[in-house]
Amino acid sequence: MTYKTLIAASTLALFAGTAASADTWRYAFEEAMDEVQGQFAQKFKEEVEGNSDHTVQLFPFGTLGESTDIMEQAQSGILQFVDQSPGFTGALIPEAQVFFVPYLLPQDEEKLATFFEESKAINELFPPLYEEQGLKLLTMFPEGEVMMTTTEAVKGPDDLNEVKFRVMTNPLLVESYQAFGATPTPLPWGEVYGALQTGIIQGQENPAFFIESTKMYEVTDHITRTGHNNFTTAVMANLDFYEGLSEEEQTVVSDAIDAAFDFIIDYQEGLTEESLEKIKEAKPSMTITTLSEEERQPFMETADEVEQEFLEIGGDQAQEILDQMKADLEAVDAGS
């Protein structure tokens with residue numbers, strides 16, 4: 001247990017007795033209240049509190065430490081719920097790195113939402129892997145097209161040569177950006193703005209809403225839409241806590257998750273373009289470039305290499321999960 005986790009445990013222990021008697025559930029996530037994970041969490045809280053006697057206490061990013069801290073707290077039972085990207089969870093569950101195989105997920109938002117809702121890989125294959133880590137996987141959902149923000153323009157992999165590019169501490173994401181031609185540099189999120197400002201790194205990736213809300217545009221000059229991925233996140237419960245709930249309480253949780261999923265998909269409609277417009281208003285000199293299919297081709301050609309790396313480092317069920325995800329995506333295409 002890290003120092004931050006010990007501090008968080010001490011802080012939360014102050015009201016642990018009250019929480020037990022009043023059924024206060026604690027839920028931490030990786031973003032601010034007004035960002036996508038925060039909006040999802042607030043809808044979940046509203047649904048739980050509207051349909052039970054329980055209350056949900058929300059802890060946005062930074063309240064209880066970095067992503068690794070809140071995951072430890074969820075596994076140890078300090079937190080009942082946590083929202084964390086597979087980018088970080090991949091250290092615990094290697095198979096979760098599949099979400100960083102470039103150009104695997106569709107860019108069409110409607111197809112993407114259907115995939116997350118209906119995917120056998122997500123709903124049947126992943127839950128047992130999370131349970132092995134003391135976690136109950138409640139849902140996964142997309143947060144938006146991932147874009148590169150850099151200090152220099154990017155038109156192809158050659159433009160990323162020797163560019164120190166911040167990535168999450170995820171082996172496959174490191175592999176992906178190496179294949180793209182960059183020098184991947186894992187950094188905690190709290191250090192990214194300063195590292196860009198001082199030139200320690202020259203790029204990072206995130207959805208447009210996050211680039212706008214965290215003001216990453218202030219310390220970079222170019223946004224490039226390569227279409228290589230969509231940011232994925234997962235909401236989990238502490239397994240012992242979840243299994244200790246009554247059937248009725250579990251239904252409250254699952255219904256709240258379903259309602260929050262539908263809400264967050266609707267919430268994100270038009271969010272990317274709206275966020276890009278806000279960035280241009282705040283910094284008119286910012287260039288926003290959508291690469292053509294021809295310009296994307298050199299990036300797309302790296303997908304097979306990264307996929308093979310996933311099969312080597314992605315855990316015992318890497319092949320099964322990749323195959324199932326591809327089958328799930330084909331089913332979405334066939335049904336559209």
Side-chain angles (χ1 to χ4, degrees), residues 27-47 58 60-61 67 81-89 96 99-100 102-119 121-123 137-149 168 189 204-217 223-236 254-282 286 288 290 325 328-329 332-333 335-336:
Y27 180 144
F29 45 97
E30 296 178 311
E31 296 170 11
M33 282 287 197
D34 59 352
E35 293 167 348
V36 171
Q37 290 183 18
Q39 293 291 327
F40 183 100
Q42 288 177 76
K43 182 62 176 177
F44 175 81
K45 171 183 171 73
E46 176 189 314
E47 291 292 322
L58 302 179
F61 177 79
S67 296
F81 299 95
V82 66
D83 186 339
Q84 186 179 80
S85 161
F88 290 106
T89 313
F99 293 99
F100 294 94
Y103 299 98
L104 178 62
L105 297 177
Q107 294 174 51
D108 182 279
E109 291 183 4
E110 192 172 331
K111 288 182 180 179
L112 195 65
T114 301
F115 163 73
F116 275 93
E117 198 164 18
E118 300 178 357
S119 168
I122 289 173
N123 296 305
L137 178 62
L138 299 173
T139 192
M140 290 183 176
F141 63 89
E143 287 197 59
E145 173 193 346
V146 171
M147 304 175 190
M148 299 181 188
T149 59
M168 289 180 279
W189 178 250
Q204 66 89 40
E205 66 162 30
N206 262 301
F209 81 87
F210 201 68
I211 295 168
E212 189 273 323
S213 63
T214 58
K215 302 188 185 301
M216 285 296 117
Y217 58 84
I223 292 176
T224 308
R225 303 176 72 169
T226 59
H228 67 285
N229 213 338
N230 197 291
F231 196 88
T232 297
T233 195
V235 181
M236 299 152 272
S254 62
D255 287 350
I257 287 288
D258 290 345
F261 181 93
D262 292 340
F263 166 81
I264 210 62
I265 296 301
D266 290 342
Y267 173 82
Q268 291 183 73
E269 189 173 345
L271 182 61
T272 292
E273 298 307 324
E274 180 186 321
S275 300
L276 291 175
E277 286 174 15
K278 287 180 180 179
I279 291 169
K280 285 295 283 185
E281 286 173 15
M286 196 81 181
I288 300 172
T290 301
M325 281 185 69
D328 296 339
L329 291 163
V332 169
D333 276 335
S336 60

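Only this structure's heavy atoms are used, side chains among them; waters, hydrogens and symmetry mates stay out. In what follows, residues are counted from 1 in the order of the sequence shown.
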Should Leu105 and Met325 count as side-chain neighbours, where that means a heavy-atom distance under 4.5 Å? yes

Angle class for the Phe210/Trp189 ring planes (parallel below 30°, perpendicular above 60°, tilted otherwise)? tilted

So, Asp328 side chain and Ala121 main chain: donor-acceptor pair closer than 3.5 Å or not? yes

If you look at every heavy atom in Ala234 and Pro86, which pair is closest and at what distance? N-CD, 4.4 Å

Partners meeting ring-ring contact (aromatic ring centres under 6.0 Å, His included) with Phe44 (sequence neighbours left out): Tyr27, Phe81

Within the structure provided, determine whether Phe100 and Met168 are in side-chain contact (heavy-atom separation under 4.5 Å). yes

Taking the side chain as everything from C-beta on, heavy atoms only, tell me whether Gln84 gets closer than 4.5 Å to Glu30. yes

Smallest separation among heavy atoms of Leu112 and Pro142, with atom names: CD2-CB, 3.5 Å

Spatial distance of atom CD1 (Ile279) from atom CD1 (Ile223) [nearest 0.5 Å]: 4.0 Å

Look at the side chain of Glu118 and the backbone N and O of Val332, then say whether any donor-acceptor pair between them is shorter than 3.5 Å. no

Kindly indicate, with the supporting measurements, whether the criterion side chain to side chain contact (heavy atoms under 4.5 Å, CB included) is fulfilled by Thr149 and Tyr217. CA-CA 7 Å; Thr149 59; Tyr217 58 84; over 6 Å; no

Glu274 side, atom CD; Glu212 side, atom CD - distance, nearest 0.5 Å: 8.5 Å

Check the side chains of Thr233 and Gln37 for a donor-acceptor pair under 3.5 angstrom, ignoring hydrogens and angles. yes

For the CZ atom of Phe209 and the CD atom of Gln39, what is their distance to the nearest 0.5 Å? 10.0 Å

From Met236 CE over to Thr139 OG1, what is the distance, rounded to the nearest 0.5 angstrom? 11.0 Å

Does the side chain of Tyr103 reach to within under 4.5 Å of the side chain of Thr226, using non-hydrogen atoms? yes

Any donor-acceptor pair under 3.5 Å linking the side-chain atoms of Glu35 with those of Ser213? yes

May I ask you to test the Phe115-Asp333 pair for a side-chain heavy-atom distance under 4.5 Å? no

Gly227 and Gln107 have their tightest heavy-atom pair at O-NE2, 3.5 Å

Starting from the C-alpha separation in whole Å, work towards a yes-or-no answer on salt bridge (Lys or Arg N to Asp or Glu O under 4.0 Å) for Lys43 and Glu46. CA-CA 5 Å; Lys43 182 62 176 177; Glu46 176 189 314; 3.3 Å; yes

May I ask you to test the Pro60-Phe29 pair for a side-chain heavy-atom distance under 4.5 Å? yes

Whether over 12 other heavy atoms sit under 6.0 Å from Glu110 CD: no

Between CG on residue Asp258 and CG on residue Leu138, distance to nearest 0.5 Å: 10.0 Å

Taking all atoms of both residues into account, what is the closest heavy-atom pair of Phe99 and Met140, and its distance? CZ-SD, 3.4 Å

Asn229 and Glu205, any side-chain heavy atoms less than 4.5 Å apart: no

CD (Glu47) and CD1 (Ile257) are apart, to the nearest 0.5 Å, by 10.5 Å

N-O pairing of Lys280 and Glu277 below 4.0 Å: no

Under 4.5 Å between any side-chain heavy atoms of Gln204 and Ile211, yes or no? yes

For the residue pair Val235 and Phe141, what are the closest heavy atoms and their distance? CG2-CE2, 3.8 Å

